[in-house]
Amino acid sequence: MCTEPEAGPPISLMAVAELRDILTALERGQGPTAIAALMAIDPRSWQAIEHRLAAVGTDLRTALLTTAPGAPVLRHLL
């Protein structure tokens, strides 16, 4: 029987935009911009992000390293 995974706390729309900005900044090599976007994410959204990353077997650090320029795609899942 297939069950629906627990959704966990919601991620705010602002946090989703910040995540997009983080990934864009990392892609462009703009570390300070990425850090500023990380700091802007609200605590409840952080919990939701951590919950979802844990569900796929990773953490934020690993996920961000995966997006670094030249990193193999989905390296953390191989």
Side-chain angles (χ1 to χ4, degrees):
M1 181 168 124
C2 184
T3 60
E4 191 71 27
E6 181 184 337
I11 300 174
S12 72
L13 291 177
M14 182 62 90
V16 171
E18 296 295 349
L19 284 171
R20 182 197 61 225
D21 291 347
I22 292 163
L23 296 175
T24 300
L26 289 173
E27 183 178 41
R28 295 178 179 168
Q30 300 170 338
T33 302
I35 291 170
L38 281 168
M39 300 296 290
I41 296 174
D42 63 279
R44 186 168 179 168
S45 291
W46 267 120
Q47 290 176 344
I49 291 165
E50 290 173 343
H51 178 82
R52 285 164 174 76
L53 288 171
V56 296
T58 193
D59 58 28
L60 182 63
R61 182 179 185 278
T62 304
L64 292 177
L65 286 173
T66 303
T67 65
V73 175
L74 300 178
R75 175 181 61 195
H76 66 284
L77 296 177
L78 299 176

Report the C-alpha distance between Leu19 and Ile41 in whole Å, list the side-chain angles of each, state the deciding distance to 0.1 Å, and finish with yes or no for side-chain contact (heavy atoms from CB on, under 4.5 Å). CA-CA 8 Å; Leu19 284 171; Ile41 296 174; 4.1 Å; yes
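- Tracing side-chain contacts under 4.5 Å through hydrophobic residues (I, L, V, M, F, W, Y), one reaches Leu53 starting from Val16; they form part of the same cluster.
- In the model, Thr62 has a side-chain atom that pairs as donor or acceptor with a side-chain atom of Asp59 under 3.5 Å.
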Apply side-chain contact (heavy atoms from CB on, under 4.5 Å) to the pair Ile11 and Ile49, showing each step before the final yes or no. CA-CA 7 Å; Ile11 300 174; Ile49 291 165; 3.9 Å; yes
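- Contact record, Pro9 with Arg52: O-NH1, 2.9 Å, taken as the closest heavy-atom pair.
- Under the 4.5 Å side-chain heavy-atom criterion for Ile, Leu, Val, Met, Phe, Trp and Tyr, Ile35 and Leu60 are members of distinct hydrophobic clusters.
- Nearest heavy-atom pair across Asp42 and Ala15 is OD1-CB, 4.1 Å.
- Ser12 contributes no side-chain N or O that, together with a main-chain N or O of Ser45, makes up a donor-acceptor pair within less than 3.5 Å.
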